Amino acid sequence: MLQSLFYFLSFTSIFLACMVVFAKNPVHSVLYLILTFFTIAGHYLILNAQFLALVHVVVYAGAIMVLFLFVIMLLNLNAETEPRQSMLMKFAGTIAGGCLMLVLIAVFSKANALPAAHEVNSQIGLIKNLGKILYTDYIMPFEVASILFLIAMIGAVILAKREPKAAI
Amino acid sequence: MDLLLNFLPAIIIIVVMFGITMIAALYSTYGERKVAAYLQDRHGPNRAGPGGLLQPLADGVKMFLKEEIIPVASNKFLFILGPSIAMTCALMTGVVLPWGDKFTLFGRTFNLQATDLNIGVLYVFAVVSVSVYGIMIGGWASNNKWSLMGAIRASSQIISYELSMGLSIIALLMVTGTLSFREIVLQQHGGILHWNFIAQPLGFLIFLICAFAECNRAPFDLAECETELVGGYHTEYSSMKLGFFLFAEYINMFISSAVMSALFFGGFNFPGMDFLAEKGLDANWITLIGTAGYFLKIIFFIFFFMWVRWTIPRFRYDQLMNLGWKSLIPIALLNLAITAAVMVIRHSNNFGF
Amino acid sequence: MQTTSFSNRKKVLEQKPMTFMERIYLPAIVKGMSITISHFFKKKATIKYPEQKRTVSSVYRGLHILRRDENGAERCTACGLCALACPAEAITMEAAERKPGEESLYREEKYASKYEINMLRCIFCGFCEEACPKAAVFLEEDFAVANYSRDTFIYGKDRLVEKPKVGTKAFDIVKVGRTRELN
């Protein structure tokens, strides 16, 4: 039951992720990405990480993707305005993609045996346990991340607040 | 069979709750018109049925029978998807709300709640943040500048006010120490003084203002500001698809009233609960009175929503953003800091410092 | 700041910066809400129209009526002055001679066998009322007539002439039937 659900979610998320790339319309692309986030939230739910699942939905699907959609809707991109890629660009893209694929294949062929999934506490994703671990074992990375966000926020405010005259 | 019996109460509650939500939304439309009329010294709808009570049915029939128009240049799939998302998300929140305490029937005791998620508050939050897609997709798919403007206004407004709403809830959660609606409500047992709005008056005020903004209700109904944007995001909609958008708004109002009553006004607790229990009244009756009290609170908040709508003029858009970012968020942060400080002081007193 | 004012009545309004209480807006909002809620319990300014009707003034000009005299005889003598006075040319009539035996129906020897007012043309100015030498035409309190077709708005004598009073000879002759409220 759980395994079939896992396979279903995995295949839909991969399929939707592919659709993000293949969709002609950028708005459709974003909508597929939102659906992908929902399937990933489903994965979290399978891992009994309800808090993570919901935070994932709130933050990624609910806030960040809304802003994405926002910008793309305002840009009003469509097939006519899309610049035509030159052959050189396509060529470069193919080579770069091919290289990445080669590296990935090499890595996976070397890693012949995946480490066995060690026993994890299935209650770790619940909000109480997560909070405890976050504020005891992982307090340092947590605080560093929050400082990083603070810096990013202040930077954004400064960029937005800059006087047009002072910029020159 | 046993599995079915375990799920049966939840299924029944979901079905009943669905019906109640629909009826509440239906009669909110009637209530809105009636309240608006009374606040403006008018009588309001009084033709259909006694006192106009059948007016929502007449409106519904009208909505269903109107011509269904899908603009040629619109994106048909997304055009239909928009109102569907709005409606689905509006209906999804109700499952975690605690409608009543324990109820014993045929020897089985169950809670009058579809499911008690241990992160219920967060769940409501997630659904609300997703529901903005209904408006955005609908507005964009209409292929109309007014609709797009309305959609963008709605989404930016909801994102902005979600922040301060979240901060005000965090302060509340620090006091209660749980994310489950049921536990939050049970903690408020024992008289009005234990209700959370006493402990968190500022948080409640912020939550109230943000609830108005999240529901796209006046004075924050800029998304459908008819003087500027024709009809906002539902300019191109007609018939029942328009009905879905309007209906979702009323359901959201009902749900946010329910959330407010549960988080800040004691949910199904009512004054004199223990007194009745001491007098030997059956627990089932107390539960039912509690549920009735809960609905009274919800109805009061719905009335409050309407009362505000017909009193306060609409914000200008820059005022809306200033209020959200420059006033509410700092106040919410201040509230958070004060709450934390008070908690630390109290905690340290317990240890005798 | 120097301001030119030719009438010397110009006043420059000083806008003081808002105080803290004004800036948080909440007192103002509470005040506004208390005003609206007080209206909730006030007497309603509107009425439930078809059931209740407002009293109109005695000189109100609504739909026309052709009066009968105290014996129940029609006062109109088809002189045509009302039609002449009518600025909208809404009134037409045909005169006829009273037959012997109809004295209780028509007051004068000459009467209107046909009397029509086109209510779509009529502007309810009341000139016909003023012009009438026999005090036959009056504009009464009724208004707001509605129908699906235009030709129903040409009111004939059947709808214009006042109902005869019970006890008069005209009542016995006319019986029921010719009433103003046929539509």
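Below, all heavy atoms of this structure are taken into account, side chains as well, without hydrogens, waters or symmetry copies. Computed from a prediction, not measured in an experiment: that's the story for all the values here. Per chain, numbering begins at 1; letters A, B, ... match sequence-line order.
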Quiz prompt | Within the 6.0 Å centroid threshold, strictly below: F6(A) and H43(A) | solution = yes

Where on [X] is there a heavy atom nearer than 4.5 Å to chain A: the side chain, the backbone, both, or neither?
| X | value |
| --- | --- |
| S156(B) | both |
| I152(B) | both |
| L78(B) | side chain |
| F77(B) | neither |
| L163(B) | neither |
| I159(B) | side chain |

Quiz item: Can you list every pair that meets ring-ring contact (aromatic ring centres under 6.0 Å, His included) and has a residue in residues 142-171 of chain B, with sequence neighbours left out?
Solution: Y161(B)-F220(B)

When only pairs under 4.5 Å are counted, which of [options] shares the most heavy-atom pairs with chain B?
| options | value |
| --- | --- |
| V57(A), L69(A), V27(A) | V27(A) |
| V58(A), V66(A), L31(A), L67(A) | V66(A) |
| V59(A), L54(A), V55(A) | L54(A) |

Exercise. Can you tell which part of H56(A) gets under 4.5 Å to a heavy atom of chain B, answering side chain, backbone, both or neither?
Key: neither

Exercise. Say whether T339(B) and Q200(B), considering side chains only, have a donor N or O and an acceptor N or O under 3.5 Å apart.
Key: yes

Practice problem: Would you give the length of the straight line joining atom OG of S168(B) to atom CG of L328(B), rounded to the nearest 0.5 angstrom? | Solution: 9.0 Å

Self-check item: Counterpart residues, side chain to side chain donor-acceptor pair (under 3.5 Å), relative to Q188(B) (two or more places apart)
Solution: none

For the residue pair [X] and [Y], establish whether any side-chain heavy-atom pair is separated by less than 4.5 Å.
| X | Y | answer |
| --- | --- | --- |
| Q3(A) | Y7(A) | yes |
| I70(B) | I80(B) | yes |
| I135(B) | N216(B) | yes |

Quiz item: Between A126(B), G166(B), G177(B), which residue shows the highest count of heavy-atom pairs closer than 4.5 Å to chain A?
Solution: A126(B)

